[in-house]
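Note that the structure is predicted; figures quoted are calculated from it, not measured.
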Amino acid sequence: MFTITESVSIARAPEDVFDFFTDGRNRPQWDPTVVFERLTSPEPVGVGTTIHSRMRTLAGESDFHWRVTEFDRPTRLAMVSTAGILATSVLFAFSAADEGCHARATIDGRPAGMLRFVEPMIGESVRSTLATGLLRAKAMLERRAD
(Lines give C-alpha, C1' and ligand atoms only; values in the text may rest on other atoms or scores of the structure.)
Protein backbone atom coordinates (compact mmCIF):
# COMPACT_ATOMS: atom_id res chain seq x y z
CA MET A 1 0.00 0.00 0.00
CA PHE A 2 1.15 3.54 -0.62
CA THR A 3 -0.08 6.89 0.61
CA ILE A 4 0.67 10.08 -1.29
CA THR A 5 -0.16 13.55 0.05
CA GLU A 6 0.36 16.78 -1.86
CA SER A 7 -0.92 20.27 -1.14
CA VAL A 8 -1.12 23.72 -2.65
CA SER A 9 -2.27 27.18 -1.56
CA ILE A 10 -4.75 28.83 -3.91
CA ALA A 11 -5.72 32.50 -3.84
CA ARG A 12 -9.45 31.76 -3.88
CA ALA A 13 -12.12 31.17 -1.27
CA PRO A 14 -12.42 27.58 0.02
CA GLU A 15 -15.96 27.38 -1.42
CA ASP A 16 -14.67 28.20 -4.92
CA VAL A 17 -11.84 25.68 -4.65
CA PHE A 18 -14.14 22.97 -3.29
CA ASP A 19 -16.69 23.54 -6.05
CA PHE A 20 -13.97 23.36 -8.71
CA PHE A 21 -12.49 20.10 -7.42
CA THR A 22 -15.87 18.43 -6.90
CA ASP A 23 -17.11 19.16 -10.43
CA GLY A 24 -15.94 16.18 -12.50
CA ARG A 25 -16.21 18.23 -15.70
CA ASN A 26 -13.13 20.15 -14.48
CA ARG A 27 -11.01 17.12 -13.68
CA PRO A 28 -9.66 16.39 -17.19
CA GLN A 29 -8.50 20.02 -17.34
CA TRP A 30 -6.32 19.86 -14.24
CA ASP A 31 -5.56 16.13 -13.83
CA PRO A 32 -3.42 14.96 -16.77
CA THR A 33 -4.33 11.32 -16.13
CA VAL A 34 -8.09 11.81 -16.64
CA VAL A 35 -9.55 11.30 -20.11
CA PHE A 36 -13.10 11.93 -18.87
CA GLU A 37 -15.14 11.84 -15.69
CA ARG A 38 -18.90 11.74 -15.38
CA LEU A 39 -21.56 11.13 -12.76
CA THR A 40 -23.33 7.78 -12.94
CA SER A 41 -25.95 8.76 -10.38
CA PRO A 42 -28.27 11.78 -10.28
CA GLU A 43 -27.12 15.22 -9.13
CA PRO A 44 -26.50 16.81 -6.72
CA VAL A 45 -23.17 15.32 -5.69
CA GLY A 46 -23.13 14.03 -2.13
CA VAL A 47 -22.39 10.95 -0.04
CA GLY A 48 -23.27 7.91 -2.15
CA THR A 49 -22.80 9.63 -5.53
CA THR A 50 -21.19 7.34 -8.09
CA ILE A 51 -18.68 8.43 -10.73
CA HIS A 52 -17.03 6.84 -13.77
CA SER A 53 -13.54 7.97 -14.81
CA ARG A 54 -11.39 6.86 -17.70
CA MET A 55 -7.78 7.36 -16.73
CA ARG A 56 -4.37 7.08 -18.35
CA THR A 57 -2.32 4.61 -16.32
CA LEU A 58 1.01 2.90 -16.73
CA ALA A 59 -0.95 0.05 -18.34
CA GLY A 60 -2.78 2.31 -20.84
CA GLU A 61 -6.32 3.66 -20.41
CA SER A 62 -8.35 2.12 -17.60
CA ASP A 63 -11.85 2.66 -16.26
CA PHE A 64 -12.38 3.44 -12.60
CA HIS A 65 -15.69 3.62 -10.77
CA TRP A 66 -15.96 5.65 -7.58
CA ARG A 67 -18.36 6.18 -4.70
CA VAL A 68 -18.33 9.42 -2.69
CA THR A 69 -17.94 8.59 1.02
CA GLU A 70 -17.64 12.13 2.44
CA PHE A 71 -19.02 15.39 1.10
CA ASP A 72 -18.80 18.34 3.47
CA ARG A 73 -18.77 21.60 1.51
CA PRO A 74 -16.39 23.43 1.65
CA THR A 75 -13.95 21.32 3.69
CA ARG A 76 -13.86 17.64 2.63
CA LEU A 77 -14.52 15.29 -0.24
CA ALA A 78 -13.59 11.62 -0.05
CA MET A 79 -14.22 8.78 -2.44
CA VAL A 80 -13.22 5.15 -2.89
CA SER A 81 -12.82 3.14 -6.04
CA THR A 82 -15.41 0.41 -6.43
CA ALA A 83 -13.89 -0.96 -9.66
CA GLY A 84 -10.61 -0.40 -11.49
CA ILE A 85 -7.13 -1.84 -11.81
CA LEU A 86 -6.02 -0.42 -8.45
CA ALA A 87 -8.01 -0.19 -5.21
CA THR A 88 -7.81 3.51 -4.39
CA SER A 89 -9.18 6.05 -1.94
CA VAL A 90 -8.93 9.81 -2.38
CA LEU A 91 -9.41 12.58 0.17
CA PHE A 92 -9.48 16.28 -0.65
CA ALA A 93 -9.34 18.65 2.34
CA PHE A 94 -9.76 22.41 2.03
CA SER A 95 -9.12 25.04 4.69
CA ALA A 96 -9.10 28.80 4.80
CA ALA A 97 -5.63 30.31 4.59
CA ASP A 98 -4.30 33.86 4.84
CA GLU A 99 -4.55 34.44 1.10
CA GLY A 100 -7.38 32.06 0.19
CA CYS A 101 -7.43 28.30 0.52
CA HIS A 102 -5.04 25.50 1.39
CA ALA A 103 -5.94 22.38 -0.62
CA ARG A 104 -4.54 18.99 0.37
CA ALA A 105 -5.06 15.74 -1.52
CA THR A 106 -4.26 12.30 -0.16
CA ILE A 107 -4.37 9.18 -2.31
CA ASP A 108 -4.09 5.69 -0.86
CA GLY A 109 -3.40 2.91 -3.36
CA ARG A 110 -3.50 -0.79 -2.66
CA PRO A 111 -1.82 -2.67 -5.50
CA ALA A 112 -2.72 -6.33 -5.72
CA GLY A 113 -1.41 -9.23 -7.75
CA MET A 114 1.38 -8.39 -10.15
CA LEU A 115 0.95 -4.65 -9.48
CA ARG A 116 2.59 -5.17 -6.06
CA PHE A 117 5.90 -5.66 -7.86
CA VAL A 118 5.77 -2.19 -9.40
CA GLU A 119 4.23 -0.41 -6.40
CA PRO A 120 7.13 2.05 -5.98
CA MET A 121 6.83 3.07 -9.63
CA ILE A 122 3.04 3.46 -9.34
CA GLY A 123 3.41 5.51 -6.15
CA GLU A 124 5.94 7.86 -7.73
CA SER A 125 3.79 8.29 -10.82
CA VAL A 126 0.76 9.12 -8.64
CA ARG A 127 2.81 11.61 -6.58
CA SER A 128 4.19 13.37 -9.63
CA THR A 129 0.83 13.53 -11.39
CA LEU A 130 -0.94 14.77 -8.26
CA ALA A 131 1.63 17.52 -7.66
CA THR A 132 1.41 18.62 -11.30
CA GLY A 133 -2.38 18.51 -11.24
CA LEU A 134 -2.69 20.61 -8.09
CA LEU A 135 -0.41 23.28 -9.57
CA ARG A 136 -2.44 23.22 -12.77
CA ALA A 137 -5.68 23.63 -10.77
CA LYS A 138 -4.12 26.52 -8.83
CA ALA A 139 -3.23 28.32 -12.07
CA MET A 140 -6.71 27.76 -13.49
CA LEU A 141 -8.50 28.96 -10.38
CA GLU A 142 -6.31 32.01 -9.88
CA ARG A 143 -6.73 32.99 -13.53
CA ARG A 144 -10.50 32.82 -13.04
CA ALA A 145 -10.23 35.27 -10.16
CA ASP A 146 -8.76 38.00 -12.39
**Report entry** Pairs involving residues 45-58, ordered by first then second residue, that meet salt bridge (charged side-chain N to carboxylate O under 4.0 Å, His left out) (sequence neighbours left out)
**Finding:** Arg54-Asp63
Query raised in the report: Going by heavy atoms in the side chains, are Leu77 and Val68 under 4.5 Å from each other?
Result: yes
Enumerate, atom names and distances included, each donor-acceptor pair closer than 3.5 Å involving a side-chain atom of residues 4-11, sequence neighbours excluded.
| residue | atom | partner | partner atom | Å |
| --- | --- | --- | --- | --- |
| Thr5 | OG1 | Thr106 | OG1 | 3.1 |

Report summary line: Residues Cys101 and Ala13: closest non-hydrogen pair is CB-C, 4.3 Å
Determine all donor-acceptor pairs shorter than 3.5 Å in which one atom belongs to a side chain in residues 118-129; sequence neighbours excluded.
| residue | atom | partner | partner atom | Å |
| --- | --- | --- | --- | --- |
| Glu119 | OE1 | Met1 | N | 3.3 |
| Glu119 | OE2 | Met1 | N | 3.0 |
| Glu124 | OE1 | Arg127 | NE | 3.2 |
| Glu124 | OE2 | Arg127 | NE | 3.3 |
| Glu124 | OE2 | Arg127 | NH2 | 2.7 |
| Thr129 | OG1 | Ser125 | O | 2.9 |

**Report entry** Pairs involving residues 82-111, ordered by first then second residue, that meet salt bridge (charged side-chain N to carboxylate O under 4.0 Å, His left out) (sequence neighbours left out)
**Finding:** none
Query raised in the report: What residues form a side chain to side chain donor-acceptor pair (under 3.5 Å) with Thr40, not counting sequence neighbours?
Result: Thr50
**Report entry** Phe18 and Phe71 aromatic ring geometry - parallel, tilted or perpendicular at 30°/60° bounds
**Finding:** perpendicular
Query - Minimum heavy-atom distance between Pro32 and Gly133, given as atom pair plus value - result: CD-CA, 4.3 Å
Report task. Applying side-chain contact (heavy atoms from CB on, under 4.5 Å), name anything that partners Thr88, two or more places apart in sequence or on another chain. Result -> Phe64, Trp66, Ser81, Leu86, Val90, Ile107
Report task. Consider only side-chain heavy atoms of I, L, V, M, F, W and Y, link residues closer than 4.5 Å, and tell whether Val80 and Val45 are in one cluster. Result -> no
Report task. Quick one: name the residues clustered hydrophobically with Phe36, using the 4.5 Å side-chain heavy-atom rule over I, L, V, M, F, W, Y, and just say none if it's on its own. Result -> Val35
Requested in this report: With sequence neighbours excluded, give me every ring-ring contact (aromatic ring centres under 6.0 Å, His included) pair touching residues 97-134.
Outcome: none
**Report entry** Pairs where residues 24-38 contributes a residue and the test salt bridge (charged side-chain N to carboxylate O under 4.0 Å, His left out) is met, not counting sequence neighbours
**Finding:** Asp23-Arg25, Arg27-Asp31, Arg27-Glu37
**Report entry** Between CG on residue Leu134 and NZ on residue Lys138, distance to nearest 0.5 Å
**Finding:** 11.0 Å
Query - For Phe92, all residues meeting ring-ring contact (aromatic ring centres under 6.0 Å, His included), sequence neighbours excluded - result: Phe21
Report task. Among residues two or more places apart or on two chains, list those pairs meeting salt bridge (charged side-chain N to carboxylate O under 4.0 Å, His left out) that have a residue in residues 69-83. Result -> Asp19-Arg73, Glu70-Arg76
**Report entry** Closest non-hydrogen atom pair between Pro14 and Gly100, with its separation
**Finding:** CD-O, 4.0 Å
Query raised in the report: side chain to side chain contact (heavy atoms under 4.5 Å, CB included) between Met79 and Ile51: does it pass, once the steps are laid out?
Result: CA-CA 9 Å; Met79 49 191 188; Ile51 300 162; 4.0 Å; yes
Report task. Quick one: closest heavy-atom pair of Pro28 and Gly24, and the distance? Result -> CD-O, 3.3 Å
**Report entry** Minimum heavy-atom distance between Pro74 and Phe94, given as atom pair plus value
**Finding:** O-CB, 3.3 Å
Query - Beyond-backbone contact of Gln29 with Met140, side-chain heavy atoms, under 4.5 angstrom - result: yes
Query - Test side-chain contact (heavy atoms from CB on, under 4.5 Å) applied to Glu43 - qualifying residues, sequence neighbours left out - result: Leu39
